[in-house]
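Notes follow the structure.
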Amino acid sequence: QVQLVESGGGLAQAGDSLRLSCAASGRTFASSAMGWFRQAPGKEREFVASINRNGEIRLYGDSVQGRFTISRDNGRNTVYLQMNSLKPEDTAIYYCAARNDIVRGSSWADWGQGTQVTVSS
């Protein structure tokens, strides 16, 4: 079990950059894959990015590929989402999530409260 707290959201202009942070607490962080998801009003929750427990495998949603970078610092129990070249369509509540990266077929079981990102043109 991991408790997650996102931060770093806010208002940005198109083309700007933001870095989101997700601070994790719990003994299982080092064995957890971490992910970022987002949800805009009236839309389904969308996968943004994920990173495995040691940072060797990173995946991105098509809409953010080439613009966003996920990273983690296991020493600080923190995962980051660097968002560059922001677009208005990136506006959403961003959530971080954790899953067990040791157990096969684990689900995204732990979620943060979300942080709002708003991008204006």
Side-chain angles (χ1 to χ4, degrees):
Q1 296 182 348
V2 182
Q3 291 189 335
L4 307 171
V5 179
E6 302 97 333
S7 63
L11 181 64
Q13 190 171 225
D16 284 354
S17 296
L18 284 175
R19 188 179 74 164
L20 305 183
S21 298
C22 177
S25 60
R27 58 188 290 270
T28 62
F29 179 78
S31 61
S32 296
M34 302 297 298
W36 287 97
F37 298 78
R38 67 187 184 186
Q39 188 167 27
K43 297 183 179 180
E44 297 294 317
R45 184 167 294 180
E46 176 187 17
F47 171 77
V48 176
S50 66
I51 186 168
N52 78 321
R53 64 188 185 277
N54 59 16
E56 294 180 341
I57 303 172
R58 303 177 185 184
L59 299 174
Y60 298 94
D62 290 342
S63 63
V64 305
Q65 181 74 244
R67 298 188 298 121
F68 291 8
T69 302
I70 188 171
S71 61
R72 69 189 296 161
D73 185 341
N74 285 359
R76 296 176 60 88
N77 280 13
T78 303
V79 63
Y80 305 95
L81 183 69
Q82 178 67 45
M83 305 185 294
N84 297 330
S85 301
L86 283 165
K87 303 175 180 179
E89 50 263 46
D90 294 321
T91 296
I93 300 175
Y94 284 71
Y95 301 89
C96 68
R99 66 169 175 84
N100 194 314
D101 204 26
I102 304 299
V103 177
R104 292 179 181 268
S106 63
S107 62
W108 296 101
D110 300 310
W111 294 81
Q113 81 290 339
T115 184
Q116 177 72 48
V117 173
T118 302
V119 184
S120 64
S121 60

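Side chains are part of it too, since the values below use all heavy atoms of this structure and drop only hydrogens, waters and symmetry mates. Since the model is a prediction, treat every value here as computed from it, not as a measurement.
Other members of the cluster containing Val117 are Val2, Leu4, Leu18, Leu20, Phe29, Met34, Trp36, Val48, Ile51, Tyr60, Val64, Phe68, Ile70, Val79, Leu81, Met83, Leu86, Tyr94, Val119, with ILVMFWY side chains joined at under 4.5 Å, either directly or via other members. The hydrophobic cluster of Val5 has no other members, since no ILVMFWY side-chain heavy atom comes under 4.5 Å of it.
Closest heavy-atom contact between Ala92 and Gln39: CB-O, 3.4 Å. Ser120 and Pro88 get closest at one heavy-atom pair: C-CG, 4.4 Å. Nearest heavy-atom pair, Trp108 versus Ala97, reported as atom, atom and distance to 0.1 Å: CZ3-O, 3.5 Å. Contact detail for Arg38 and Ser63: the closest heavy-atom pair is NH2-OG, 3.1 Å.
Inter-residue side-chain proximity for Gln116 and Thr91 is flagged as met; some heavy-atom pair is nearer than 4.5 Å. No side-chain heavy atom of Ser21 sits less than 4.5 Å from a side-chain heavy atom of Arg76.
The salt bridge (charged side-chain N to carboxylate O under 4.0 Å, His left out) contacts involving residues 98-117 comprise Arg53-Asp101, Arg99-Asp101, where partners must be two or more places apart or lie in separate chains. For residues 5-16, every residue pair satisfying the side chain to side chain donor-acceptor pair (under 3.5 Å) rule, not counting sequence neighbours, is listed here: Glu6-Gln113.
Remark: Arg72 engages no residue in a salt bridge (charged side-chain N to carboxylate O under 4.0 Å, His left out) (not counting sequence neighbours). Under the rule for a salt bridge (charged side-chain N to carboxylate O under 4.0 Å, His left out), Arg19 has no partner lying at least two apart in sequence or in another chain.
For the pair Arg45 and Trp111, the cation-pi criterion (under 6.0 Å, within 45° of the ring axis) is fulfilled.
Asn52 contributes a side-chain N or O that, together with a main-chain N or O of Gly55, makes up a donor-acceptor pair within less than 3.5 Å.
Note that the CD atom of Gln3 and the OG1 atom of Thr28 stand 10.5 Å from one another [nearest 0.5 Å].
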